[in-house]
Amino acid sequence: MMSEATTGPGTDTVSAATAAILGLFLICLLVPSYFYVADLKLSPIRILLLASFIPLVLRLLSGASGRIRGIDIFLMLYAFWIMVTLVYHHGLSRLPLAAMTIIEVFGGYLIGRTLVRNAAGFRRLFRYVLYMLIFLAPFVLVELLTDRNLLQEIFRSILPTYFKAASSYGRMGLNRVMAPFEHPILYGLFCSISLAPIAYIQSEKPGRALLLVSFIGAMTFAALSAAPLLAVAIQLGLILWGWATGSKWWLLFGLVSVTYVTVDLLSNRTPITILINYITFDSNTAWTRVNIWTFGSAEMWRHPIFGIGLNDWERPYWLTGSVDNFWLLNGMRHGLPGVIFVMAAAASGFRAIVRARGLSPEEARYRTGYLLSLVALYFTLCTVHVWSGTSSFVMLFIGAGMWICDIAPAGAETGPQHAAQTVTPQTGTAVGPIAFSRFAPTHRRRP
């Protein structure tokens with residue numbers, strides 16, 4: 001099944017098999033049904049990941065998707081440590097659950113890492129995401145106005161589906177949308193991730209880019225959830241900064257660092273606490289998140305090596321058991337090794353993509369959009385946890401940018417025709433309204 005993979009970063013085509021798997025993955029996300037085999041919960045997305053896991057692992061290890069990188073190693077360690085901690089706490093009886101958790105997380109990453117291997121594959125992925133959002137739009141509108149989830153109702157006649165939790169109550173006279181996902185916050189996060197990549201893919205057509213960004217923003221808003229809206233706001237802010245300053249990202253990093261330190265010195269609250277108060281819909285939600293961090297981090301430090309697994313955590317009786325922080329929950333469940341491995345993977349992949357050289361103007365543009373979305377995602381995961389099919393999609397997205405690291409530098413192309421087409425690093429390159437010289441010191445054009 002995996003023999004026809006996306007062609008390498010030096011080409012601009014996508015195989016039929018790759019396109020089919022990417023499309024099937026997103027179609028599976030649209031199906032909210034599940035069933036049980038013994039005690040193991042299965043869904044269409046999990047079945048797809050089970051079927052593709054071993055072939056994709058072999059593809060990664062064979063080098064067919066580029067050389068093994070730091071992010072691959074750290075995520076393998078992360079997957080291994082999940083297995084260790086769950087077996088340590090719950091014994092071999094929970095081994096199937098541990099294996100499925102690994103397949104759901106690492107398997108999602110493998111689809112993005114091994115199948116999205118060039119600019120064409122990157123465009124194809126986000127074209128499919130956009131098609132999915134367009135398909136969902138009428139269902140989203142009905143749910144937003146009437147609180148009827150038609151997708152869940154349709155599939156409920158065949159298999160069990162999800163119901164809204166108590167935390168999914170309406171806001172501002174509207175109903176929170178969850179569509180085929182397990183919670184409105186997961187639906188909103190899924191929508192928000194695609195904003196910057198699609199904006200930069202379409203940046204040479206500003207009118208279309210603005211229309212699509214507005215559409216994605218409206219779809220995200222339907223979740224009525226602060227975390228996805230924060231992801232949208234961060235991406236829009238970064239896009240505007242890049243346009244206004246010619247992509248002076250190090251200046252932005254310096255300003256943010258100085259602001260953080262200044263607020264920390266002058267306020268009796270931490271900058272994170274202040275930010276949480278401003279980005280949530282109500283003060284009770286902010287207060288809850290602050291206390292989750294306080295008591296959750298204390299629990300992590302009480303169990304620094306193996307964490308607590310899936311066991312309950314110590315907290316006051318009035319505090320919810322839900323931990324709305326992806327990074328913190330990993331530390332609580334899998335100890336410091338678990339959270340260190342996943343954070344090191346995130347940092348390693350980001351750094352490798354930033355340092356990639358030899359990109360064409362188009363590829364540099366895609367990299368910028370991808371990295372801006374990745375920044376927003378990593379920040380938003382401080383205020384939300386992801387699970388089920390959404391966690392697989394998040395990991396797919398993290399893997400879907402690694403092709404950028406495997407583009408051959410301009411110097412690797414020999415022949416006078418390539419030398420004549422190289423753009424010098426001193427000139428930089430501007431594409432559409434945004435200059436990309438900061439992210440792409442050298443460029444090459446596709447032969």
Side-chain angles (χ1 to χ4, degrees), residues 16-36 41-52 100 103-105 107-112 115-116 121 123-165 168 175-195 197-198 212 215-225 228 386-397 399-400:
T18 290
I21 295 169
L22 291 175
L24 184 59
F25 180 94
L26 292 171
I27 290 172
C28 287
L29 281 182
L30 288 171
V31 181
S33 297
Y34 59 90
F35 60 94
Y36 285 90
K41 182 179 179 181
L42 291 177
S43 63
I45 196 73
R46 285 187 167 185
I47 293 171
L48 175 63
L49 293 172
L50 276 168
S52 61
M100 181 55 70
I103 289 172
E104 198 166 59
V105 174
Y109 169 77
L110 286 172
I111 288 182
L115 298 185
V116 180
R123 286 194 304 271
R124 181 67 63 100
L125 170 63
F126 287 101
R127 185 189 311 159
Y128 286 169
V129 171
L130 184 58
Y131 290 163
M132 181 173 172
L133 293 180
I134 292 171
F135 171 80
L136 286 175
F139 296 98
V140 167
L141 183 61
V142 169
E143 187 175 358
L144 182 68
L145 299 178
T146 69
D147 203 27
R148 287 193 62 186
N149 191 326
L150 297 182
L151 271 176
Q152 304 272 2
E153 291 178 14
I154 291 169
F155 283 99
R156 196 169 294 141
S157 62
I158 305 171
L159 287 169
T161 61
Y162 310 111
F163 290 89
K164 284 187 177 179
S168 302
N175 303 288
R176 298 183 69 185
V177 171
M178 60 186 273
F181 297 87
E182 295 186 44
H183 194 278
I185 203 167
L186 298 181
Y187 157 76
L189 188 64
F190 170 81
C191 294
S192 68
I193 287 174
S194 63
L195 188 143
I198 289 178
L212 293 177
F215 171 67
I216 293 168
M219 291 289 285
T220 304
F221 172 80
L224 298 178
S225 181
V386 290
W387 66 95
S388 193
T390 310
S391 67
S392 299
F393 177 77
V394 166
M395 296 305 297
L396 181 153
F397 177 75

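What you see is a predicted model; the values in this text were computed from it and never measured.
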Any chance you could measure [X], atom [atom1], to [Y], atom [atom2], to the nearest 0.5 Å?
X	Y	atom1	atom2	answer
L133	M219	CG	CE	5.0 Å
I198	L212	CD1	CG	6.5 Å
I47	F35	CD1	CZ	4.0 Å
L130	I134	CG	CD1	4.0 Å
F25	L30	CZ	CG	11.0 Å
I103	L110	CD1	CG	10.5 Å

Where is the tightest heavy-atom contact between [X] and [Y], given as atom of each residue plus distance?
X	Y	value
L144	A222	CD1-O, 3.9 Å
M178	N149	CG-ND2, 3.5 Å
Q152	A179	NE2-O, 2.9 Å
V31	P44	CG1-CG, 3.6 Å
S43	S33	CB-O, 3.7 Å
S225	I185	OG-CG1, 3.2 Å

Set of residues satisfying side chain to side chain donor-acceptor pair (under 3.5 Å) with respect to R156, sequence neighbours excluded: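 Partners of R156 under the side chain to side chain donor-acceptor pair (under 3.5 Å) test: T161.
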Please list, chain by chain and in numerical order, all residues satisfying side chain to side chain donor-acceptor pair (under 3.5 Å) with S388, sequence neighbours excluded.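 Partners of S388 by the side chain to side chain donor-acceptor pair (under 3.5 Å) criterion, ordered by chain and then number, come out as E182.
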Holding to salt bridge (charged side-chain N to carboxylate O under 4.0 Å, His left out), I want the full list of residues that pass it with E104, two or more places apart in sequence or in another chain.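 With sequence neighbours excluded, E104 shows a salt bridge (charged side-chain N to carboxylate O under 4.0 Å, His left out) to R46, given in chain and number order.
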Could you give me the CA-CA distance, side-chain angles and deciding distance for L189 and F393, then say whether side chain to side chain contact (heavy atoms under 4.5 Å, CB included) is met? CA-CA 10 Å; L189 188 64; F393 177 77; over 6 Å; no
Verify, without hydrogens or angle tests, whether E143 (side chain) and N175 (backbone) share a donor-acceptor contact under 3.5 angstrom.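 Such a contact is absent between E143 side chain and N175 backbone.
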Start with the C-alpha gap between R176 and D147, add the side-chain angles, then the distance that decides, and say whether salt bridge (Lys or Arg N to Asp or Glu O under 4.0 Å) holds. CA-CA 8 Å; R176 298 183 69 185; D147 203 27; over 6 Å; no
Hey, could you give me each pair passing side-chain hydrogen bond (donor to acceptor under 3.5 Å, both in side chains) that has a residue in residues 124-137? Not counting sequence neighbours.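 Sorted pair list: R124-Y128.
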Could you give me the CA-CA distance, side-chain angles and deciding distance for L29 and T390, then say whether side chain to side chain contact (heavy atoms under 4.5 Å, CB included) is met? CA-CA 8 Å; L29 281 182; T390 310; 5.7 Å; no
Quick one: are [X] and [Y] in side-chain contact, heavy atoms under 4.5 Å?
X	Y	result
V177	F139	no
L396	L125	yes
W387	H183	yes
L42	M100	yes

Between F181 and F190, how do the two ring planes meet: parallel, tilted or perpendicular, split at 30° and 60°?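 Geometry flag for F190 against F181: tilted rings.
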Measure up the Y34 and Y36 rings against each other and bin them: parallel (under 30°), tilted (30 to 60°), perpendicular (over 60°).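 Plane angle over 60°, so perpendicular.
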Of all residues at least two apart in sequence or in a different chain, which pass the side-chain contact (heavy atoms from CB on, under 4.5 Å) check with T220?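 So T220 forms a side-chain contact (heavy atoms from CB on, under 4.5 Å) with C191, S192, I216, P228, L229, V232.
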Of all residues at least two apart in sequence or in a different chain, which pass the side-chain contact (heavy atoms from CB on, under 4.5 Å) check with L24?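 For L24 the side-chain contact (heavy atoms from CB on, under 4.5 Å) partners, ignoring immediate neighbours, are C28, L48.
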Please assess F126 against F397 for the test side chain to side chain contact (heavy atoms under 4.5 Å, CB included), listing each intermediate value before the final yes or no. CA-CA 10 Å; F126 287 101; F397 177 75; 3.5 Å; yes
Go through the steps to decide whether I111 and V116 satisfy the test side chain to side chain contact (heavy atoms under 4.5 Å, CB included), and finish with yes or no. CA-CA 8 Å; I111 288 182; V116 180; over 6 Å; no
